[in-house]
Amino acid sequence: MSKLNYVLVNADILPEVYSKVLEAKRYLASGDAQSATRAAKMAGISRSAYYKYKDGVFEYNPENAEEIETLSLTLVDTKGVLSAIVNEIFLVDANVLSINQDVPQNGIAEVSLTMRIAEMSVSVEELIEKLKAVNGVKAVNR
């Protein structure tokens, strides 16, 4: 398998098909188009052009780069601990994007939690302290 190779390029110098593929991907993501065929048609490109480039063209938004935070948590494997953590995140106006939990071993579960923090009402450090105070949380790290 070959190594992925990415380049950041100003979209203004690229062929128009790339921006049209991104437009089609937005139609699909928003639900405005129910199929890739419909999204491609709405964007003004062929279905084959969409499929040719869809896995290689991604939109870069530098404003979003600092809005996402991932925390690593060590939790006691007891009912309700993860739910209490998600509730704390909700209370500070952050938005959970993904939760990955390893299978608990020896009563301990390792969890990786990624969230959008753009509208969070406290600092990341304050959130970490709040999460550490949750019953069943052994450790929280950035």
Side-chain angles (χ1 to χ4, degrees), residues 1-43 45 47-142:
M1 189 162 146
S2 65
K3 179 181 167 193
L4 293 176
N5 188 17
Y6 292 104
V7 179
L8 187 62
V9 179
N10 182 335
D12 294 340
I13 67 168
L14 294 174
E16 185 180 21
V17 67
Y18 297 122
S19 62
K20 297 288 187 177
V21 169
L22 291 172
E23 184 179 345
K25 289 172 85 171
R26 284 190 296 272
Y27 288 137
L28 281 169
S30 69
D32 291 338
Q34 301 302 316
S35 68
T37 301
R38 180 69 185 138
K41 186 173 185 172
M42 290 169 69
I45 57 173
R47 183 175 162 270
S48 63
Y50 171 77
Y51 278 110
K52 181 177 182 178
Y53 297 115
K54 76 175 182 67
D55 294 329
V57 179
F58 306 96
E59 196 153 25
Y60 174 71
N61 187 347
E63 289 84 28
N64 289 343
E66 295 178 7
E67 294 181 352
I68 295 176
E69 183 73 35
T70 300
L71 300 177
S72 298
L73 299 95
T74 303
L75 310 177
V76 175
D77 182 28
T78 13
K79 185 174 15 175
V81 176
L82 190 54
S83 178
I85 288 167
V86 171
N87 189 56
E88 286 296 323
I89 292 168
F90 166 77
L91 291 173
V92 299
D93 298 318
N95 183 30
V96 174
L97 299 174
S98 73
I99 299 173
N100 296 303
Q101 179 178 332
D102 293 339
V103 174
Q105 295 181 1
N106 300 319
I108 299 294
E110 297 295 330
V111 175
S112 172
L113 194 143
T114 302
M115 63 198 139
R116 187 172 317 278
I117 60 170
E119 297 175 13
M120 195 163 69
S121 60
V122 299
S123 69
V124 174
E125 291 75 19
E126 290 173 289
L127 174 60
I128 289 171
E129 292 308 312
K130 287 177 178 290
L131 295 178
K132 285 180 178 178
V134 172
N135 190 24
V137 174
K138 302 293 263 177
V140 180
N141 298 298
R142 269 182 127 165

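Along the sequence shown, residues carry numbers from 1. Source: prediction; values computed, not measured.
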> Would you indicate whether Gln105, at its atom CD, is surrounded by more than 12 heavy atoms from other residues, nucleotides or ligands within a distance under 6.0 Å?
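No.
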> So for atom CG, which belongs to Asn135, do other residues, nucleotides or ligands contribute more than 12 heavy atoms lying within a distance under 6.0 Å?
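Check fails, neighbour count at 12 or below.
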> Have a look at Met115 and tell me which of Asn95, Val86, Ile89, Ile68 forms a side chain to side chain contact (heavy atoms under 4.5 Å, CB included) with it.
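Testing Met115 for a side chain to side chain contact (heavy atoms under 4.5 Å, CB included) against Asn95, Val86, Ile89, Ile68 leaves exactly one candidate, Ile89.
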> Is there side-chain contact between Glu126 and Glu129, with heavy atoms separated by less than 4.5 Å?
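A side-chain contact is absent here, since even the closest heavy-atom pair is not under 4.5 Å.
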> Could you pull out all residues at least two apart from Thr74 that satisfy side-chain hydrogen bond (donor to acceptor under 3.5 Å, both in side chains)?
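If we apply the side-chain hydrogen bond (donor to acceptor under 3.5 Å, both in side chains) test to Thr74, skipping adjacent residues, the hits are Glu110.
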> Minimum heavy-atom separation for Val96 and Ile99, please, with both atom names.
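Smallest interatomic distance, heavy atoms only, reads CG1-CG1, 3.7 Å.
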> Ignoring hydrogens and geometry, is there a side-chain-to-backbone donor-acceptor pair from Asn10 to Asp12 under 3.5 Å?
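Looks like yes, one N/O pair under 3.5 Å.
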> Are Leu14 and Ser19 close enough that some pair of their side-chain heavy atoms sits under 4.5 Å apart?
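No, every pair of side-chain atoms sits at 4.5 Å or beyond.
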> So do the side chains of Ile85 and Val111 get within less than 4.5 Å of each other, counting heavy atoms only?
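In short, these two side chains do not touch, never coming nearer than 4.5 Å.
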> Say you draw a straight line from CZ of Arg116 to CG of Asp93; how long is it, rounded to the nearest 0.5 Å?
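These two atoms lie 14.0 Å from each other.
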> Hey, are Glu59 and Lys25 close enough for a salt bridge, meaning a charged N less than 4.0 Å from a carboxylate O?
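Looking at Glu59 and Lys25, the cut-off is not met.
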> Judged by atom type as modelled, is there a donor-acceptor pair below 3.5 Å linking the side chain of Ser121 to the main-chain atoms of Val92?
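Yes; judged by distance alone, with no hydrogens or angles, the pair exists.
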> What closest approach, in Å, do Ala24 and Ala39 show between heavy atoms, and which atom pair accounts for it?
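Smallest interatomic distance, heavy atoms only, reads O-CB, 3.4 Å.
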> Grab the two heavy atoms, one from Pro104 and one from Gln101, that are nearest each other, plus how far apart they are.
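The answer is CG-NE2, 3.9 Å.
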> Met42 vs Glu23, test: side-chain contact (heavy atoms from CB on, under 4.5 Å). Steps then yes/no.
CA-CA 9 Å; Met42 290 169 69; Glu23 184 179 345; over 6 Å; no
> Among residues two or more places apart or on two chains, list those pairs meeting ring-ring contact (aromatic ring centres under 6.0 Å, His included) that have a residue in residues 7-30.
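For residues 7-30, and leaving out neighbouring residues, the ring-ring contact (aromatic ring centres under 6.0 Å, His included) pairs sorted by first residue read Tyr18-Tyr53.
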> In Å and rounded to the nearest 0.5 Å, what is the NZ to CG distance from Lys132 to Asn141?
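Answer rounded to 0.5 Å: 7.0 Å.
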> Once rounded to the nearest 0.5 Å, what's the spacing between atom CG of Leu97 and atom CD1 of Ile117?
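Reported to 0.5 Å precision, the distance equals 10.5 Å.
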> Which value, rounded to the nearest 0.5 Å, describes the distance between Asp32 atom CG and Arg26 atom CZ?
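That separation rounds to 11.0 Å.
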> Of all heavy-atom pairs between Val122 and Lys130, which one has the smallest distance, and what is that distance?
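Val122 and Lys130 have their closest heavy atoms at CG1-CE, 4.3 Å.
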> Could you tell me the separation between the OG1 atom of Thr37 and the OH atom of Tyr51, rounded to the nearest 0.5 Å?
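That separation rounds to 5.5 Å.
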> To the nearest 0.5 Å, what is the distance between CG (Leu113) and CG (Leu82)?
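The distance works out to 7.5 Å.
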> Taking atom CZ of Phe58 as the centre, report whether more than 12 heavy atoms of other residues, nucleotides or ligands fall under 6.0 Å from it.
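Atom CZ in Phe58 is packed in, count exceeds 12.
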> Does the side chain of Lys52 come within less than 4.5 Å of Val17's, by heavy atoms?
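They are not in contact (no side-chain heavy atoms under 4.5 Å apart), so the answer is no.
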> Search all heavy atoms of Ala36 against all heavy atoms of Leu28 and return the closest pair with its distance.
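For Ala36 versus Leu28, the nearest heavy atoms are N-CD2, 3.9 Å.
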